[in-house]
Amino acid sequence: MTPLRLSLAVLIALLLSGCGERVASPSAQAGAAQQKVLRFTFMAAEAGFDPVRVSDYYSGVVIAAIFDPLLTYDYLARPAKIVPNTAVALPEISDGGKTYTLRIKPGIRFSDDPAFKGKPRELTAADYAYAIKRFLDPKNRAQYAFLFEGKIVGLDKLAADAKKSGRFDYDAPVAGLETPDRYTLRIRLNEVDYNFSHVLAFFMVGAVAREAIEAYGNDTNAHPVGSGPYVLKQYVRSSKMVLEKNPNFREMLWNAEVGDDPENRKIAVRMQGKKLPLIERVEISVMDEAQSRWLAFQRRETDLEYQLWELTPKFMSDDGQLKPEFIQQGIRMDRSVDPEIIYLILNTQDKIGNEPNPFGGFTPEKIALRRAIAMAYNVEDQIKVIRKGQAVRAQFPIPPGVAGHEPGYRIGIPYDVRLANALLDKFGYVRGADGYRRQPDGKYLILKYFSQPTERDRQFDELMKRSLDKIGLRLEIQKERFAELNKLADQCRLTMRHSAWIADYPDGDNFMQLLYGPNSGQTNSACYRSAEFDKRYEASRRLPHGAERNHLYREMARQVEADTAWLLTDSRYRNVLVQPYVVGFKKHPVYAHEFLYMDMDPRESKEARP
């Protein structure tokens, strides 16, 4: 490198800066001039980056950085607050709440891509209409189709016609999706939907360009083309993703609702009015094992670390605080409980593929078997041993901080091994000479549990086996990678599996839809179909947040317990470790790419990054 020479102007600037932030060393000034690169990890592999063809959290983080929804969330406001994104303003709502009119800011451009044949491509209202239609195109098998099914006037008929003909007609007019001019989108709903603004703020509902989708055909998961702040520069499946600042990105200045929070005020002082994004490159690596992620963070090979639940004793004291040695290094910790639920799926279908499901169906003996499994599983051990105390027991299908949560509700399935054994005895699950139980008809009984091939999941395997051994049930563990597990879930081919759902938007409907019968093969991984549950869920969708809807949610929760399609387990603390040179980070409850609102300043660290 060329030796660094300081001009008189630079020396004066450094002297003057002493009255504000501390003076940076020449080496730090050189580092500040380098490209700002943020590095972090995923604990599981992504599935791809076509918003309608994936549903996992990890893919969603990248999708959120590339595609632009009409609306978004204020970065700092709590509770989460919807604000315009590409729309000029929040939607104009008319016709008693059934018509949404949005106007898009002119001049927003998609990132350059060969699909556009060298011409600039402006974002228009038609791109949002097209993006919404794609969710109901049967060939896409969209996991988030439920966001629009039954909601938009005329759209379901178009989807039904496509199922018959084998072709979705994107050019056919849809009464509920109108684009009266280049920048206006008018959406007409079949009935009032009190969450529809949240749907329009969901990052999976970003605009896509039809030319790009048609150009890349079946490979759209590897070729995302959006108008958002970043572009996908490099992609090695299940290994590494590199995002770079979109050179076409519109002018966007840092602005957020600060409120009275002192941490928010500190962030605002550093960030207010800066042009975004400030981070020019984002490198994401897939690391299955927590120990590898921890070592990478310690070596400053990563700048943020989200997912170290198993290793919290290494950096956190018993009172939930960061240990002094890390504070001395300038490392910070952002701590919150995720708006999520973890649950054990107990598939209620009679058959999995062509084979009988040993605990599928709703006859008394099948419900008794599912109930015994749930009663034998030790959730407290999961929290204490596997989570290292970094979780809280989930009692209600809607987590705290989400509209519809019921703080006084207590789950009606206790941990009781003695009672679980008595239940199995009563319904004819007799133990054989080997100590394991047979089915009531005397047939061999074996239960399959699905998990990933990681050290963390090995602990879940062991806890599940110990739990079922106590009630004489033989367990077979089947290992699959994360993406394959999701595919099996989409096909309703999982019997037992731990699963997680983190809020897409902060309303209870986003959680209760996980058990709605028509969502089987989408988000309903238990493939649970209950006429009583579905009737109440459909009624709840017609109600605003409030006592009447909450009453239905309580009844729905009790119905799921009675049928034992799930066992709720926990919600995890999110302990995000942040290197000292990372500026402006605060975990958002539903926003997926905080790095849009962050900066990096090497002057904050005494140690250089590798």
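If you're wondering where the values come from, they're calculated on a predicted model, not measured in any experiment.
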Pairing donors with acceptors under 3.5 angstrom, does anything connect the side chains of Gln390 and Arg335? yes

Please state whether the rings of Tyr343 and Trp566 are parallel, tilted or perpendicular, taking 30° and 60° as the class boundaries. parallel

Ignoring hydrogens and geometry, is there a side-chain-to-backbone donor-acceptor pair from Arg393 to Leu568 under 3.5 Å? yes

Any salt bridge (Lys or Arg N to Asp or Glu O under 4.0 Å) pairs touching residues 568-595, not counting sequence neighbours? Asp261-Lys586, Asp338-Arg574, Glu340-Arg572, Arg387-Asp570, Lys587-Glu594

Is it true that a side-chain atom of Arg332 and a backbone atom of Val582 form a donor plus acceptor pair closer than 3.5 Å? yes

Assess, by modelled atom type and distance only, whether the side chains of Asp490 and Gln522 contain a donor and an acceptor separated by less than 3.5 Å. no

Is Asp303 salt-bridged to Lys36, cutoff N-O under 4.0 Å? no

Can you tell me if Lys275 uses its side chain to pair, donor with acceptor, with the backbone of Leu253 under 3.5 Å? no

We want to know whether Tyr436 and Asp469 form a side-chain donor-acceptor pair, criterion being a heavy-atom distance below 3.5 angstrom. yes

Partners of Tyr591 by ring-ring contact (aromatic ring centres under 6.0 Å, His included), sequence neighbours excluded? His588, His593, Tyr597

For the residue pair Tyr58 and Phe482, categorise the inter-ring angle as parallel (less than 30°), tilted (30 to 60°) or perpendicular (more than 60°). perpendicular

Would you mind checking if Lys323 and Glu325 are paired as a salt bridge, meaning a charged N to carboxylate O distance below 4.0 Å? no

Atom pair CD (Gln307) and CE (Met287), whose distance is rounded to the nearest 0.5 Å: 12.0 Å

Return each pair, listed once, that meets salt bridge (Lys or Arg N to Asp or Glu O under 4.0 Å) where at least one residue sits in residues 499-511; pairs must be two or more places apart or across chains. Asp507-Arg549

Side-chain (Trp254) to main-chain (Leu276) donor-acceptor, under 3.5 angstrom: no

Expected output: side-chain Glu305 to main-chain Phe297 donor-acceptor under 3.5 Å: no

By side chain to side chain donor-acceptor pair (under 3.5 Å), Ser239 pairs with (sequence neighbours left out) none

According to the disulfide (SG to SG under 2.5 Å) rule, which pairs have a member within residues 477-511, sequence neighbours left out? Cys492-Cys527

Taking ring-ring contact (aromatic ring centres under 6.0 Å, His included) as the test, write out the residues that go with Phe315, two or more places apart. Trp294

Under 3.5 Å, is there a donor on one side chain and an acceptor on the other for Tyr449 and His498? yes

Whether the side chain of Lys81 engages the backbone of Arg78 through a donor-acceptor N/O pair (distance < 3.5 Å, no angle test) should be reported. no

Side chain to side chain donor-acceptor pair (under 3.5 Å) between Tyr73 and His198: does it pass, once the steps are laid out? CA-CA 9 Å; Tyr73 291 91; His198 286 295; 2.9 Å; yes

Going by an N to O cut-off under 4.0 Å, is there a salt bridge joining Lys465 and Glu462? no

Ignoring hydrogens and geometry, is there a side-chain-to-backbone donor-acceptor pair from Arg370 to Thr564 under 3.5 Å? yes

